[in-house]
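Structure first, commentary second.
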Amino acid sequence: YIQPAQVHGTCISQDGAGILIRGTSGAGKSDLALRLINHGACLVADDQVTLNAHKEQIIASAPKNLFGLIEVRGIGILRLPPSTPTPVRLVVNLVEHKNIERLPESKVANILGISIKRIDLWAFESSAIAKVILALDLALNQIIREDG
């Protein structure tokens with residue numbers, strides 16, 4: 001039995017595939033999640049995400065006290081229709097623009113002993129949503145990268 005983990009981050013569900021967004025305070029986790037929600041994703045959890053290992057998957061859910069809530073800087077805390085617990089298929093680490101590799105090697109995040117595809121991203125570039133969706137498609141093996 002692996003104990004559940006509570007992590008600082010935001011998680012959304014895109015067509016049933018969880019995207020865990022991690023980064024420091026102010027890195028744009030909730031902002032990126034809100035933009036993805038505006039493009040059809042559903043909120044799983046904001047600020048704190050509960051992660052459980054189950055059948056070689058990581059299942060993300062919201063702690064009870066944060067269920068359905070998202071912080072929108074400049075507006076406040078809003079209630080959105082929440083998603084049910086969702087298997088995490090992609091981890092997005094938010095980093096400064098200068099730390100983004102042009103041609104990165106494939107990366108994984110190891111969470112509770114399970115490897116999940118990971119990308120590094122600057123949340124505030126205009127293509128951030130498109131990059132997250134492309135990376136999710138890659139993680140789900142719907143697109144084949146030219147380099148392998």
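Only a predicted model underlies this, so the values are computations on that prediction, with no experimental measurement involved.
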* Nearest heavy atoms of Asp46 and Leu66, plus distance in Å -> O-CD1, 3.7 Å
* Regarding Gln6 and Thr50, is there a side-chain donor-to-acceptor distance under 3.5 Å anywhere? -> yes
* Asked: Which pair of heavy atoms, one from Val44 and one from Ser61, lies closest together, and at what distance?
  -> CG1-CA, 3.9 Å
* What do the steps show when you test Val91 against Asn93 for side chain to side chain contact (heavy atoms under 4.5 Å, CB included), and what is the final call? -> CA-CA 6 Å; Val91 174; Asn93 279 353; 3.8 Å; yes
* Quick one: pull up CG in Leu51 and CD in Gln48 and give me the separation to the nearest 0.5 Å. => 10.5 Å
* **Exam field: side chain Lys29 to backbone Thr24, donor-acceptor pair closer than 3.5 Å** => yes
* To do: Establish whether Leu94 and Ile119 are linked, either directly or via other cluster members, by ILVMFWY side-chain heavy-atom contacts under 4.5 Å.
  => yes
* To do: For the residue pair Val132 and Leu36, establish whether any side-chain heavy-atom pair is separated by less than 4.5 Å.
  => yes
* To do: State, to 0.1 Å, how close Ile116 and Leu90 come at their nearest heavy-atom pair, and which atoms those are.
  => CG2-N, 3.7 Å
* Looking at Arg118 and Arg22, what are the two nearest heavy atoms and their distance? -> CD-NH2, 3.9 Å
* Asked: So, Arg73 side chain and Gly28 main chain: donor-acceptor pair closer than 3.5 Å or not?
  -> no
* Treating Ile, Leu, Val, Met, Phe, Trp and Tyr as nodes and any side-chain heavy-atom pair under 4.5 angstrom as an edge, say whether Leu121 and Ile133 lie in one connected cluster. => yes
* Asked: Same hydrophobic cluster for Ile100 and Leu32, using side-chain heavy-atom links shorter than 4.5 Å among ILVMFWY?
  -> no
* **Steps toward side chain to side chain contact (heavy atoms under 4.5 Å, CB included) verdict (Asp31, Phe124)** => CA-CA 9 Å; Asp31 183 88; Phe124 303 110; 4.0 Å; yes
* Just wondering, are more than 12 heavy atoms of other shown residues or ligands nearer than 6.0 Å to NE2 in His39? -> no
* Determine, stepwise, if the pair Thr86 / Ile59 fulfils side chain to side chain contact (heavy atoms under 4.5 Å, CB included). => CA-CA 5 Å; Thr86 304; Ile59 307 298; over 6 Å; no
* Check the pair Thr10 / Val49 against side chain to side chain contact (heavy atoms under 4.5 Å, CB included), numbers first and verdict last. => CA-CA 6 Å; Thr10 298; Val49 183; 5.5 Å; no
* Connected via hydrophobic side-chain network under 4.5 Å: Leu78 and Ile21 -> yes
* Asked: How close do Lys117 and Ser106 get, heavy atom to heavy atom, and via which atoms?
  -> NZ-OG, 3.8 Å
* How far does CG of Asn99 sit from CD of Glu96, to the nearest 0.5 angstrom? -> 7.0 Å
* Using a distance-only test with no angle check, is there a side-chain donor-acceptor pair under 3.5 angstrom linking Arg89 and Gln14? -> no
* To do: Check the hydrophobic clustering (I, L, V, M, F, W, Y; side-chain heavy atoms under 4.5 Å; chains of links allowed) and say if Val7 and Ile114 are grouped together.
  => yes
* Compare all side-chain heavy atoms of Asp47 with those of Leu69 and state whether any distance is below 4.5 angstrom. => no
* Qualifying residue for side-chain contact (heavy atoms from CB on, under 4.5 Å) with Val72, from Leu80, Leu34, Ile77 -> Leu34
* Asked: So, do Ile19 and Val88 sit near enough that their side-chain heavy atoms are less than 4.5 Å apart?
  -> no
* **Test: Asp120 and Lys107 ion pair at under 4.0 Å** => yes
* How long is the gap from OG on Ser115 to CD1 on Ile58, to the nearest 0.5 Å? -> 9.5 Å
* To do: Identify the two heavy atoms, one from Ser83 and one from Cys42, that lie closest to each other, and give their separation to 0.1 Å.
  => CB-CB, 3.9 Å
* So do the side chains of Leu20 and Ile111 get within less than 4.5 Å of each other, counting heavy atoms only? -> yes
